[in-house]
Amino acid sequence: LERFTMDSDYSACVQQVFVDLFKKKLIYRGRRMVNWCPVSRTALSDEEVIMKEQKGFLYHFRVPVMGEKDRFLTIATTRPETIPGDTAIAVNPKDPRYTSLIGQFAIRPLPPELPEAQRRIPIIGDEHVDLEFGTGVLKVTPAHDPADFLIGQRHQLPSIEVIDESGLMNAEAGSALAGLDRIKARTAAAEQLKELGLLEKEEPYANQVGFSERADVPVEPRLSEQWFLRYPSTEKSRTIVSSGKLRFFPERWSKVYDHWMGNLQDWCISRQLWWGHRIPVWYRNQEVRCQIQSPGEGWTQDPDVLDTWFSSWLWPFATLGWPEKTPELKKFYPTTDLVTGPDIIFFWVARMIMAGFEYQGDLPFRNVYFTGLIRDGKGRKLSKSLGNSPDPLDLISKYGADGLRFGLLRIAPQGVDIRYDEKQMEEGRNFANKLWNACRFRQQQGPSNPQANPLNHPRTPFSDFLLSRLDRLEQELETLYQGYEFSQVAQVLYAFVWDEFCARFIETAKADFMNADSPTRPGTLATADFVLSRVLRLLHPYMPFITEELWLTLGLGDKTIQFSEWPKAGEVTFNVANTQTAESCYGTAEAGRRLRGEFGLSGSAKMKFLLKSSPSSRITDDDLRTLAKLLQVGSVEITSNPPKAPMTLTPWGELYLPLAGLLDPAKETARLQKEIAATEMARAREAAKLADPKMTAKAPPEKQEEWRKIEKEAVERIARLHEQLKLFTT
RNA sequence: GGACGCUUAGCUUAGUGGUAGAGCGCCUGCUUCACACGCAGGAGGUCACUGGUUCAAUCCCAGUAGCGUCCACCA
């Protein structure tokens, strides 16, 4: 394989930054443990299969202590093949069994052919040693174990490599092991110990071994030389977030960010991979140069590539142009918002901020919006290897692009994970269908007028009511957008279209259309056009395709909806008194439907309701006709002598459902008693609060007033229900 | 091991210091002339548990349990 050379502006930018940081002495060469995959093949050896099944052994072997005849330490290890690489024996300094030995020396048993003087290793005390594990004595192999490497650093131990890059034992491992595969060497080393009479026992032991995801062979921790970066501009990057100048949504992620920024470790930026941006460092004998172009004949480039995030953190520069200040960079840097997942706050977001300050002297974005992660039904992250990601194209063919989009947006709260459920997409599709049909209904009434202004026409209270709800919707949306609450935006739009526009407005508009000569008909049409025009625009970011189609089909604009103006909150005006009339009518209709539903009846032209209205309410014949339409009955008539019939309390008064012959007194009594009981419970709750002297002493007077009002209303309601009950019990 | 979250109706989930909301599912009734991908009703919740603060806690605080994420001798 030849190294792939990335010859692009992006790569140039990345390498240039490396060179710059190198000059600033922020990049340095250091040692660290890497998980090395020494073999590229897929078939496992017998020994490796055993490892994978976690059926390894724990080998207990003895090490003689120097200067003390017949004194041995017993060590338990899963990796006897690394004994030739041991440079110390460690015990816990708090372990009374061994404290006296700290500072003395032991003789490493392997390789046996070396003179004892070269196998002399110190016995050290280190907190890392687990008193409970094995014998409480640890062999320290700094070159082949991450934890041992750190112990080695703490105690300035030398490291001896005994396994080479291809996974074979080298000469340091001794003549008996040299050239063997590292895993075959394990049993060979155990055999050697046995021959030396130092092996005490082998016990089955299930130890965790990391396997390479791609090659499926055991990975080998290996000491290696790597490039490291000391992060630049850390202080500014930390305070910009903690001071609230750069905002995170939801805010709590800024705590996570701050915690990490306060504990930064140098970043290991080199990777031993075939693909990536190459490290711009050149070698010739002992000379080292950091520059993008080859210095000339005889120079070879560093074989490593950069960590993938080393290019990602420069994304704003690489895409907009750097180091020359391009017009794009001037215009778009800093940008307003970054949208990303919280799982890459450290990998990407934090590093982009630091790069921003270092190379632009300014933050790269002002707000970061963290989405939730979608998980499957079992709560797992969607991933390619698990194969639990649904195919978006399949979902689109089932639910439509807008249905999928809306369904997901509606359930995606800020920064909280969501469980993926196809039901949500179904709801999105149903909503798109609903919207489509609502517009189709409007289209059937005749052509739309894009300049429609409902205020220019006489209109029903229901038009004003819808306008008032539209006004409220737009105010609410503005607040929600400011708080980046995108799922709530979808939710309130959904509720508006379905409940206000379809369920309430269209149902009453139908009543208006029954009468072609209705003076309020033009007002109703204008209201529909006005509201649809705004709602389609409000929905457009969430459902781009269907809103575009409806926009053009209805003729609300002659160009794409994308070029239309965003509806500004506060522009909608309406008659407030009318909205109250409409609200009462809806409330009365809903109560009547409930009453009818109690008897398992559906509406019919033969059915009628009687209304004993309260003296204050002025109800017109038109209102009664609309009410009848909403109730799906023949008529609603005003009465002053209510019959012995089921009754419900409504905003407009007592609504009766005369049911000659159908009425079952027992059933009606039960219904009334149930309602009385429920009302009584609500009343008692308020009364209890008001009766408590501690509450009345401390609770705010407005609250108490509210409670008193609720109680009073409940009392009245109960009284009227009792009156009604008397009709059936006497 | 450390940090940060989550736990509300059968399911997926909003939300608030003083009456707990939605969609789906379920039950009942509707082939009502935009829509059965629909319409009208209904049942279903001690808001994980234990303490504390408060006149009042599902909400604030502390602890417990379960679940999750990120970072891991750095935490």
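Each chain gets a letter, A, B and so on, in the order the sequences are listed, and its residues count up from 1. Values in this document were obtained by computation on a predicted structure and should not be read as measured data. Note: hydrogens, waters and symmetry copies are ignored here, and every other heavy atom, side chains too, is used.
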Trainee: Can you classify the ring geometry of A:F441 versus A:F513 as parallel (below 30°), tilted (30 to 60°) or perpendicular (above 60°)?
Mentor: perpendicular

Trainee: Select base, sugar-phosphate, or nothing to describe what A:C439 touches, counting heavy atoms under 4.0 Å on all strands.
Mentor: nothing

Trainee: Taking the six-membered ring for Trp, are A:W498 and A:Y494 closer than 6.0 Å centroid to centroid?
Mentor: yes

Trainee: In what stems does RNA chain B take part, counting only runs of at least 3 consecutive Watson-Crick or G-U pairs whose two distances fall under 3.5 Å?
Mentor: B:1-7 with B:65-71, B:10-13 with B:21-24, B:26-30 with B:38-42, B:48-52 with B:60-64

Trainee: For A:K703, what residues pass the salt bridge (Lys or Arg N to Asp or Glu O under 4.0 Å) criterion, not counting sequence neighbours?
Mentor: A:E706

Trainee: When all nucleic acid strands are considered with a 4.0 Å heavy-atom cut-off, which category describes A:A697: base, sugar-phosphate, or nothing?
Mentor: nothing

Trainee: When the ring planes of A:Y231 and A:W267 are compared, do they come out parallel, tilted or perpendicular, using 30° and 60° as the limits?
Mentor: parallel

Trainee: Sequence neighbours excluded, which residues qualify as side chain to side chain donor-acceptor pair (under 3.5 Å) partners of A:R31?
Mentor: A:S159

Trainee: Please write out the pairs of protein N or O atoms and N or O atoms of nucleotides 57-63 of chain B separated by less than 3.5 Å, giving the distance to one decimal.
Mentor:
none

Trainee: Using whole Å, report how far CZ of A:R442 lies from C1' of B:rC35.
Mentor: 17 Å

Trainee: Let me confirm one number: the NZ-OG distance from A:K608 to A:S635, rounded to the nearest 0.5 Å.
Mentor: 6.0 Å

Trainee: Please compare A:W498 and A:F346 by the position of their nearest nucleotide in RNA chain B and report the one closer to 5'.
Mentor: A:W498

Trainee: Could you pull out all donor-acceptor pairs under 3.5 Å where a side-chain atom in residues 549-556 of chain A meets a protein atom, sequence neighbours excluded?
Mentor:
residue	atom	partner	partner atom	Å
A:W551	NE1	A:K559	O	3.1
A:T553	OG1	A:E549	O	2.5

Trainee: Could you tell me whether A:Q488 contacts a base, only the sugar-phosphate backbone, or nothing, with contacts defined as non-hydrogen atoms closer than 4.0 Å?
Mentor: sugar-phosphate

Trainee: For A:D126, which residues count as a side chain to side chain donor-acceptor pair (under 3.5 Å) partner, sequence neighbours excluded?
Mentor: A:R154, A:H155

Trainee: Quick one: list whatever passes salt bridge (Lys or Arg N to Asp or Glu O under 4.0 Å) with A:D529, sequence neighbours left out.
Mentor: A:R442

Trainee: Set out, line by line, the N/O atom pairs under 3.5 Å between protein and nucleotides 17-21 of chain B.
Mentor:
residue	atom	partner	partner atom	Å
B:rU19	OP1	A:K689	NZ	3.3

Trainee: Using salt bridge (Lys or Arg N to Asp or Glu O under 4.0 Å) as the criterion, list what pairs up with A:K689, not counting sequence neighbours.
Mentor: A:E686

Trainee: Give A:I345 one of three labels, base, sugar-phosphate or nothing, depending on what nucleic acid heavy atoms sit under 4.0 Å from its own.
Mentor: nothing

Trainee: Would you indicate whether the side-chain heavy atoms of A:T626 and A:F462 approach each other to under 4.5 Å?
Mentor: yes

Trainee: Nearest heavy atom decides the nucleotide; on that basis, is A:P146 or A:D692 closer to the 5' end of RNA chain B?
Mentor: A:D692

Trainee: Write out a two-atom table: protein N or O, nucleotide N or O from nucleotides 22-27 of chain B, distance below 3.5 Å.
Mentor:
residue	atom	partner	partner atom	Å
B:rG23	O2'	A:E427	OE1	2.8
B:rG23	O2'	A:E427	OE2	2.3

Trainee: Categorize A:R429 for me: base, sugar-phosphate, or nothing, with a 4.0 angstrom heavy-atom threshold over every strand shown.
Mentor: base

Trainee: Checking A:T234 now: which residues fulfil side chain to side chain donor-acceptor pair (under 3.5 Å) with it, not counting sequence neighbours?
Mentor: none

Trainee: Which residues pass the salt bridge (Lys or Arg N to Asp or Glu O under 4.0 Å) test with A:R230, not counting sequence neighbours?
Mentor: none

Trainee: Touch check for A:D266, heavy atoms < 4.0 angstrom, all strands: base, sugar-phosphate only, or nothing?
Mentor: nothing

Trainee: May I ask you to say what A:W260 touches in the nucleic acid, namely base, sugar-phosphate or nothing, with a heavy-atom cut-off under 4.0 Å?
Mentor: base

